There are 2 protein chains.
Amino acid sequence: MAGMDGVTEETVRRRPATLRDVARAAGVSVATVSKALNDQGRMTAETRARIREVARVLGFRPNGLAQSLLRNRSFTVGLLTNDTYGRFSLPVMAGISEALVDNGVSVFLCHVEDDPRLGQLHVEAMLDKRVDGIIATGKRIDRRLPVDLSQLGIPVIYAFTEPAPGAIAFVSDDAGGARLAVEHLVRLGRRRIAHVTGPASFAVVHTRADACGAALAAAGLPAGAPLIGTWSESWGHAAVETLLAGLEPPDAVFCGNDQIARGVIDGLRERGIRVPGDVAVVGFDNWEIMAGQTRPPLTSVDMNLAALGREAGLTLLSLVDGKPVEPGIRTLPCRLVVRQSCGRPPGG
Amino acid sequence: MAGMDGVTEETVRRRPATLRDVARAAGVSVATVSKALNDQGRMTAETRARIREVARVLGFRPNGLAQSLLRNRSFTVGLLTNDTYGRFSLPVMAGISEALVDNGVSVFLCHVEDDPRLGQLHVEAMLDKRVDGIIATGKRIDRRLPVDLSQLGIPVIYAFTEPAPGAIAFVSDDAGGARLAVEHLVRLGRRRIAHVTGPASFAVVHTRADACGAALAAAGLPAGAPLIGTWSESWGHAAVETLLAGLEPPDAVFCGNDQIARGVIDGLRERGIRVPGDVAVVGFDNWEIMAGQTRPPLTSVDMNLAALGREAGLTLLSLVDGKPVEPGIRTLPCRLVVRQSCGRPPGG
DNA sequence: ATGAAAGCGCTAACAT
DNA sequence: ATGTTAGCGCTTTCAT
């Protein structure tokens, strides 16, 4: 076969084959090889096929660095997070990664903790590598990352972290999630629904508590003050005492997260109160490993973080492609994952 | 000031400044700018300072793509994992990232699940981007990632996942960890020490059980057969029944992970058995959110995964720099984190 | 002490 | 139908 003399699969090279290697082996110019491989220009089908074959045999892969330099586009984005052990940011990341990998985009993961120096370091490293854009994420939506991303000259998207003013951001619809939980309990016939949640310093605590109250009011049910504590199991456990102190103890508890819910369930059980028989419990976060292992398995609000990440990733791509995107905060719906802590499980 | 006419901080450009922009503004050649900025070549200190100043004012940052193309080194590595919700791989990642960021190296995070197609896709994307090396990690040390990394032509390191034959790998010393746990219990005067652990399909189950048995034998204590189950809380809970069925119930339980330990503790409490008063319990993994929230807080074996990641990262850098590294599996020590589930807490 | 020129691997406009 | 040329932004001889 002309132009393929001595070229075999066994020809193992240390240095990866370049366009020039292919051109030489195929007896054509580099430009022709480039066109053949990129389906551009005109040439006989036979030539194109032959060049392709030579490239394949040589194991040619285009050098992305060279392509990026030329196109001014690196097919690379940065993901900044301060959530090292990733309860929240990891599902977001998974969604981003999923959305981007099919477009040939790779993601730099950067843990910045809450350290401005570390944030700066990572951002500069990414800028030097000419990332096409940056996504910022975190563990709560009312705290900024320790680094200013608003003047970088490249597109930036915020997902599950507090955005800079006028930026594009994606957050979960916490109010909607709370409504989902309460409406589920109401539908199941519960009438005295309490709310045990985390510290008042978290914006979501108020968002969810307010929505909870509103949903109860809409259903014509009484809404007591939410029980404010910490995001911990031990708080949930301790809160049970307060819950049972009143004249009319609740027949349902909507909890600010799954750990609190778990503590509540444990506390109830220790007092011989059945879940869901006597009291129904709903959690928030749908943290699989917690919600699934609770006895009984916990019905919980899922924030759809992976979907949120996917949207963020796709939107960043639009931005990179120069498409206009309206700034502002987009709120994505939650969903309720029904298990057995409220009675009437899926089959019932 | 000569050569700085019209150059001010306010000169905001969309297109990032290039070496040529700096050269023009400073009235010198690109070569001189390059040398000035890289502390190379000879020139008057005054020239060097002036060029530096111009570069600073223009906000010049060298284009890493161009540098990488030239140096054949991208200061970029890939991290492959199949542990999407990262109990194990996330601490490893944090260690890797920490070790590399100070060297100006950024990390591509690639979730490959257990999908060979996805693995291939990510690996090819990374190869095209000319990563300097790849680190493979996962959720257990006896399963391979769904993609072959042995013929890539770039350095590869395995951390907490099964390595290819003859590769370089880092794993935790599970046997040592089990020994640590048992010796701690023995030291505290416990004499009938049971072992409740996960499925026999996991290599670590045998490693830890064998080491547990050996440590008991070494202490002259009886070693019953380990109780094999699943890695779940519910299994730990269920195992309590078996534990208490014998004539001589245990005064300590070493558990294969923290979730099992938690189930065991719950089961014991429900039967009115005190922890640590009557029975001491040790977990494995030191999963903070689980071990810290157990009542009482759980003493647990920590695999030092972040340290493992750091070693893996640094070793990869050595490899990239062409330094020779002995192939083989390196085992890194575990440590015991003492809380209150065995009595005699730190202060006691 | 400084600059001109070549080249990393690739693509695209412009020949032929 | 294919090749020549220029150039992305940078570093590095080699001249001057």
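Just so it is clear: chains get the letters A, B, ... in the order the sequence lines come, proteins before strands, and each one is counted from 1. Predicted, not measured: the structure shown is a model, and the values here were computed from it.
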Exercise. What is the distance from CG of A/D39 to P of D/dA1, rounded to the nearest Å?
Worked result: 15 Å
For this session: May I ask you to verify if any side-chain N or O of B/T44 is less than 4.0 angstrom from the OP1 or OP2 atom of C/dA1?
Result: no
For this session: Start with the C-alpha distance between B/R50 and B/E53, add both sets of side-chain angles, then the distance that settles salt bridge (charged side-chain N to carboxylate O under 4.0 Å, His left out), and finish with yes or no.
Result: CA-CA 5 Å; B/R50 186 169 48 89; B/E53 175 60 10; over 6 Å; no
Exercise. For B/M43 and D/dT12, what is the distance between atoms CE and P respectively, to the nearest whole Å?
Worked result: 13 Å
Exercise. How close or far is atom C1' of D/dA1 from atom CZ of A/R48, stated in whole angstroms?
Worked result: 11 Å
For this session: Determine, for nucleotides 7-16 of chain C in 5'-to-3' order, which nucleotides have protein heavy atoms under 4.0 Å from the base (write B), from only the sugar-phosphate (write S), or from neither (write -).
Result: BBBBBBB---
Problem set entry | Donor + acceptor pair across side chains of A/D83, A/T81 (<3.5 Å) | no
Exercise. Taking only N and O in the side chain of B/T47, is any of them less than 4.0 Å away from OP1 or OP2 of C/dT2?
Worked result: yes
For this session: Decide if the gap between the ring center of B/Y158 and the ring center of B/F170 is smaller than 6.0 angstrom.
Result: no
Exercise. Pairs in or reaching into residues 85-102 of chain A: which pass salt bridge (Lys or Arg N to Asp or Glu O under 4.0 Å), with residues at least two apart or in two chains?
Worked result: A/R87-A/D285
For this session: Report yes or no: does B/N103 contribute a side-chain atom to a donor-acceptor pair with the main-chain N or O of B/V105 at less than 3.5 Å?
Result: no
For this session: Taking the six-membered ring of A/F60 (Phe, Tyr or Trp), confirm whether the NZ or CZ of A/R56 is under 6.0 Å from its centre and within 45° of its axis.
Result: no
Exercise. Would you say a side-chain N or O of B/T32 is under 4.0 Å from OP1 or OP2 of C/dT2?
Worked result: no
For this session: Taking the side chain as every heavy atom from C-beta outward, state whether B/I168 and B/R330 have any atom pair closer than 4.5 Å.
Result: yes
Problem set entry | Minimum heavy-atom distance between A/P155 and A/D132, given as atom pair plus value | CD-O, 3.3 Å
Problem set entry | End axis versus end axis in the helix from C/dA1-D/dT16 to C/dT16-D/dA1, the angle rounded to 10°, five pairs used at each terminus | 50°
Exercise. Over how many whole Å does the gap from A/R42 atom CZ to D/dG3 atom P extend?
Worked result: 15 Å
Exercise. At under 4.0 Å between heavy atoms, what does B/S68 touch on the DNA or RNA strands: base, sugar-phosphate, or nothing?
Worked result: nothing
